[in-house]
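Working notes, structure below.
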Amino acid sequence: MKLPRTRRIRTRSEFARVRNQGQSISGRFLVMGYLADDAMDEPFKLGLITTKKIGNAVVRNRVRRRLRAILQREGHRVRPGHWMVLIARHNAGDATSTQLEKEWKWMLRKSGLHLETKSSEEAAAA
RNA sequence: GGAAUCGGCUGGUAGACGAUCGUCGGCUGGGUGGUGAUAGCCCAAGCUGGAGGAAAGUCCGGACACCGAAAGGCAGCAUGCCUGUCGAAAGACAGGGCAGCUCUGUGUAAUGCCGAGCUGACGGACAGUGUCGCAGAAAAUAUACCGCCCGCCUUCGUCAAGACUUCGGCGGACAAGCCCGAAUCCGCUAACCGUAGCAUAGGAGGGCUUGCCCGCCGUAGCCUUGGCGAAGGAGGGUAAGGGUGAAAUGGCGAGGUAAGAGCUCACCGCUCCGAUGGUAACUGAGGAGGCAAGAUAAACCCCUUGCGGUGCAAGACAGAACAGAACCAAACGGGUUGCCUGCCCGGCUGGGAGCUUCGGCUUCUGAUAUGGUUCGGGUAUUAGUCGCACCCUGCCUGCGGGUGGGGAAUCAACCUUUUUUACAGAGGGUGGUUAGACAAAUGAUCGUCCACUCCGUCCCUCGGGGCAGAGUGAACAGAAUCCGGCUUACGAGGUCGGUUCCACAG
RNA sequence: GACCCGUUCGUCUAGCGGUCUAGGACUCCGCCCUUUCACGGCGGCAACACGGGUUCGAGUCCCGUACGGGUCG
């Protein structure tokens, strides 16, 4: 799944809307906020937040790239029509890609955004 | 010579290959864009580019932009040995000078001298102001204090001389008392004198005692004078000494002096002038001065030189709405509708004075709904477009751009040349490229190989090896207007130096 | 991003280059007071962010580093 600029959350008001009206789940490395929106024409919109608490610019960039790659690969599992904000916690810089991916999938199931599509299972079976 | 470790300089080379999926920019294509063309928008695919030496810190300097002009001055800030080179500046480099520290050698009573290494924010402390705690006599002015010396005064001690006094001794004189009688004199008697006698009554005389005086000697006291010493006082001469401090007004020796002192002299040091050498910083032959001069300017300050301020969130363009200014229109305006009627909504005015038949009318004053045009300011803007992506330039243009030429840097392959092959260097030349985001791109996954770390397990000679798994791809670290420096961070390697250990040789 | 400011006991803060061994308040600890607690009294522990430099002497002055905070459309 591609992540061009139209599928990103970019304005302060959109981040504030997810924060104020949405729900959130916190994990070991991540915090995920989400909000359903029927009017959305995209499958979902993603926002990433990496604060200075995580580390210097190198570490922050690495965390963002890993999270973006996970969403590119696994974004088709997300139920369409949702705002989604991922906030990296202070220890996310020490986490590996697989750890981040496991935690994100766990969050997806717990939040109910996981989409059980037949096509993916059939593809896995095939 | 080797090893370890520390520091300086240099150095910035990427895990390799393949596959899949992505991200930002550019080019090409199609559609749209009323149309030939451009910009813009949409679509899918291909090609292609995409982090660093520090991109960091934001410590300097500049470009560029705006502020009113950016010329002068004050304030403020920065700068600081000399010469040269590079540079727009900041700054860097090279050489030199001076100073400090360390070491080796050498020398002195001492300061030193030669050499080597390291370090230096290295203009000015006779332009002025300030500060120098504690300790110390004294901390910046030259002397107060202690001390030393000189003479004077007072007191004391001692010695000498002198005067006086007390006492003692001796001697003498005098007075009183007593005693003495050979009788020397007076005296008395013999009439007087001579002479004789008397007499110790009186005087002289002698003796003794006492008193007093004088002299001498001794002793003690006191006074005066002088010497010496001590204490004190006021005065003068001194700067040798005062052991404290980070720092004390030249050092050492000799002479000299009341004591001392560059007071004088030799040597050393210092200050001033200064030959010579050097572009200069500087050097300092020689001479003069008897010696004035502390530190601090990363205290204020003075001098030299430089700087207008703000910073790309600079700024430019586009630009609603609300409010503002000017002008215009009509008393009606807006909505509904293709238009009209109709319907709906809002408005058709406030205040004062006067008159009134109470319906209104006249007059004064103030304000304005609504619509339109223009103006400047300028906000909102998913902060929209530009600024903003190598440089210069010609032509066309509908001014948005299009197209062409030249140059620079770099990459890949190629050619020539240097070199011992290779690597590498130099030159040529073909082709490509020139990071430009804005919640912010340059990545993710998988496979094979390599290196390292960790965990597990197996083997043996207990130090390694094998197998499997995970992680990392050396570290520091991610462009944000651009450029030049500085500082800081950092791994392997190279090089230089120090320290330690080992081995060998002398 | 560009540009400014600050850092002193556990906390909030004073602090002329010199008796700073850095003062005060709250906290903490010990003792006293009280039947006990509290209040109160007495005493004590406890700090100049780090590294260099200037100076006889640095918390203070200068330079660098680290950390924290602020302003600007």
Side-chain angles (χ1 to χ4, degrees):
Chain A
M1 175 153 309
K2 294 183 183 179
L3 288 175
R5 193 170 296 158
T6 53
R7 290 187 187 169
R8 298 182 200 163
I9 300 174
R10 299 175 68 200
T11 66
R12 188 173 181 78
S13 59
E14 287 170 346
F15 276 98
R17 185 176 164 211
V18 174
R19 180 185 183 83
N20 293 327
Q21 302 179 13
Q23 297 172 292
S24 67
I25 293 175
S26 62
R28 180 175 160 82
F29 303 112
L30 299 172
V31 175
M32 185 173 82
Y34 56 97
L35 175 66
D37 187 358
D38 300 332
M40 191 183 294
D41 51 352
E42 298 283 345
F44 59 87
K45 283 201 173 192
L46 175 68
L48 299 174
I49 295 176
T50 51
T51 66
K52 276 191 175 178
K53 277 187 285 187
I54 299 172
N56 57 24
V58 175
V59 176
R60 296 199 302 271
N61 281 342
R62 186 162 58 222
V63 172
R64 276 204 305 274
R65 285 171 187 149
R66 284 176 173 170
L67 290 174
R68 203 176 293 131
I70 290 166
L71 267 295
Q72 283 166 11
R73 200 167 54 248
E74 307 290 337
H76 57 84
R77 297 178 187 271
V78 181
R79 192 180 299 273
H82 280 86
W83 303 91
M84 184 160 56
V85 174
L86 287 175
I87 304 167
R89 306 189 66 182
H90 67 280
N91 51 3
D94 302 326
T96 65
S97 286
T98 52
Q99 284 176 314
L100 290 175
E101 184 171 347
K102 277 179 65 178
E103 179 155 314
W104 179 75
K105 287 181 176 174
W106 170 80
M107 283 178 162
L108 206 63
R109 282 194 299 275
K110 186 167 184 182
S111 64
L113 296 184
H114 190 70
L115 184 64
E116 297 293 342
T117 54
K118 293 178 181 176
S119 61
S120 63
E121 291 182 0
E122 287 175 357

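Order of the sequence lines fixes the chain letters, A, B, ..., with proteins taken first and strands second; residue numbering starts at 1 for each chain. Hydrogens, waters and symmetry mates play no part in the numbers below; they use all other heavy atoms, side chains included.
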Considering only heavy atoms from C-beta outward, does the side chain of [X] approach that of [Y] to under 4.5 Å?
X	Y	answer
A:Trp104	A:Leu71	yes
A:Val63	A:Phe29	no
A:Leu67	A:Leu30	yes

Let's test this: given Watson-Crick or G-U wobble pairing with both distances under 3.5 Å, identify the partner of [N].
N	result
B:G354	B:C361
B:C501	B:G2
B:C113	B:G105
B:U495	B:G8
B:U410	B:G432
B:A196	B:U189
B:A426	B:U416
B:U20	B:A444

If anything within 90° of 0 is syn and all else is anti, what is [N]?
N	answer
B:A175	anti
B:G400	syn
B:G359	syn
B:G202	anti

[X] [atom1] - [N] [atom2] separation (whole Å):
X	N	atom1	atom2	answer
A:Leu48	B:A441	CG	C1'	14 Å
A:Arg68	B:G443	CZ	C1'	8 Å
A:Leu67	B:A439	CG	C1'	14 Å

Suppose you measure atom [atom1] in [N] against the same atom in [M]; what distance do you get, rounded to whole Å?
N	M	atom1	answer
C:U7	C:G15	P	11 Å
B:C214	B:C174	C1'	10 Å
B:A139	B:G115	C1'	41 Å

Side-chain N or O of A:Arg64 closer than 4.0 Å to phosphate OP1/OP2 of B:A441: yes
Using the rule side-chain contact (heavy atoms from CB on, under 4.5 Å), only one of A:Met84, A:Gln23, A:Gln21 pairs with A:Leu35; which is it? A:Gln21
Please list, for nucleotides 444-446 of chain B, all pairs of protein and nucleotide N/O atoms separated by less than 3.5 Å.
residue: B:A444; atom: O2'; partner: A:Arg73; partner atom: NH1; Å: 3.1
residue: B:U445; atom: OP1; partner: A:Ser97; partner atom: OG; Å: 3.0

Distance-minimising heavy-atom pair for A:Ser26 and A:Met107: C-CE, 4.0 Å
Taking side chain to side chain donor-acceptor pair (under 3.5 Å) as the test, write out the residues that go with A:Lys110, two or more places apart. none
